[in-house]
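Have a look at the structure below before the remarks.
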Amino acid sequence: MAIADDLKKTLTDPTPLYFAAGTADLAVQQAKKVPDLIEQLRAEAPARIEAVKNTDPKAVQEAVTAKVAEVFGAIDPKKLGETAQDLALRGVGVAAEYAVRAKETYDKVAEHGEQAVRSWRGEVSAEIVDIAVAVEPEAATAQEAEPASEPEADADEKPAAKKSPARRSTAKKAAVTADDAS
């Protein structure tokens, strides 16, 4: 039964979709910067091309040769095995660190995507609803206590008030789920 529960949880988890939406939103934001970058490159290109043209190839060759000799001169055949083992262990540590960073970045982009989807839909964010309830708790409890025989204008407002707590609890569940996954 645990496998079925895990499968159901995986298939109903909106995080990958929020990640995709966040990625798309961030790509649009970055694409808006492209014209400025192109203009900057256009302005800097002549100076950079001149610098490359005026560079002496022999000076570059001498600098590279010196650097290569320095690197090969520092290699000690006796310590090569220890160095290889040390590098392998460092590689494992770096890979683990990158995995943690990737998970953190994934979560941040998914959160950004969730906010982007809400703004695309025109929904009020759960945090704003929480703040509104904290600032005006009397108004929230007064709306819930009003009788059902209200004019139509007030009846339209009531479903929105009922939807907000549901969104808030979903957002809290998502936050708890994200904390559990970490």
Side-chain angles (χ1 to χ4, degrees), residues 7-71 87-88 90-136 156-157 159-182:
L7 187 59
K8 182 179 179 182
K9 183 179 176 182
T10 300
L11 294 175
T12 58
D13 183 20
T15 305
L17 298 174
Y18 286 141
F19 177 78
T23 302
D25 189 55
L26 291 172
V28 168
Q29 290 176 7
Q30 294 300 319
K32 290 178 181 177
K33 297 178 183 178
V34 170
D36 294 335
L37 291 173
I38 289 174
E39 190 59 38
Q40 180 183 357
L41 287 173
R42 188 176 292 157
E44 294 176 0
R48 290 180 182 226
I49 292 172
E50 267 315 300
V52 170
K53 284 182 180 178
N54 294 334
T55 303
D56 183 22
K58 289 184 180 182
V60 173
Q61 182 180 4
E62 289 173 3
V64 170
T65 303
K67 192 65 173 175
V68 168
E70 178 184 329
V71 169
L87 289 174
R90 285 185 188 178
V92 169
V94 168
E97 181 180 343
Y98 283 146
V100 169
R101 285 186 185 174
K103 173 67 173 137
E104 290 172 354
T105 303
Y106 176 81
D107 291 341
K108 286 179 184 177
V109 172
E111 183 178 324
H112 179 84
E114 184 175 2
Q115 295 301 322
V117 168
R118 285 184 178 167
S119 69
W120 295 340
R121 289 180 176 170
E123 293 179 7
V124 177
S125 96
E127 293 81 22
I128 293 173
V129 172
D130 288 339
I131 292 169
V133 169
V135 172
E136 297 182 18
D156 289 341
E157 292 176 15
K162 287 183 179 179
K163 287 183 184 177
S164 296
R167 281 192 211 126
R168 182 173 52 239
S169 65
T170 304
K172 287 182 181 178
K173 286 180 187 176
V176 171
T177 305
D179 290 341
D180 292 343
S182 296

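Any value given below was found using the heavy atoms of this structure, including those in side chains, with hydrogens, waters and symmetry copies removed.
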Do NZ/NE/NH1/NH2 and the carboxylate oxygens of D13 and K9 come within less than 4.0 Å?
no

Enter the distance from I49:CD1 to N54:CG here, rounded to the nearest 0.5 Å.
12.0 Å

Considering residues at least two apart in sequence or located in another chain, which fulfil the ring pair (Phe, Tyr, Trp, His ring centres under 6.0 Å) criterion with Y18?
none

At what distance, to the nearest 0.5 angstrom, does CZ of F19 lie from OG1 of T105?
8.5 Å

Would you mind writing out the side-chain donor-acceptor pairs for residues 55-67 within the sub-3.5 Å range, not counting sequence neighbours?
from : atom 1 : to  : atom 2 : distance (Å)
T55  : OG1    : A51 : O      : 2.6
T65  : OG1    : Q61 : O      : 2.8

Sequence neighbours excluded, the answer for side chain to side chain donor-acceptor pair (under 3.5 Å) partners of E104 is none

List for me each residue that meets salt bridge (charged side-chain N to carboxylate O under 4.0 Å, His left out) alongside E50, sequence neighbours excluded, and say none if there are none.
none

Which distance, rounded to the nearest 0.5 Å, do you find between the CG of D25 and the CD of Q115?
11.0 Å

Excluding sequence neighbours, so at least two apart, what forms side chain to side chain donor-acceptor pair (under 3.5 Å) with E70?
none

Restricting to pairs with a member in residues 32-49, which pass salt bridge (charged side-chain N to carboxylate O under 4.0 Å, His left out), not counting sequence neighbours?
E39-R42, E44-R48

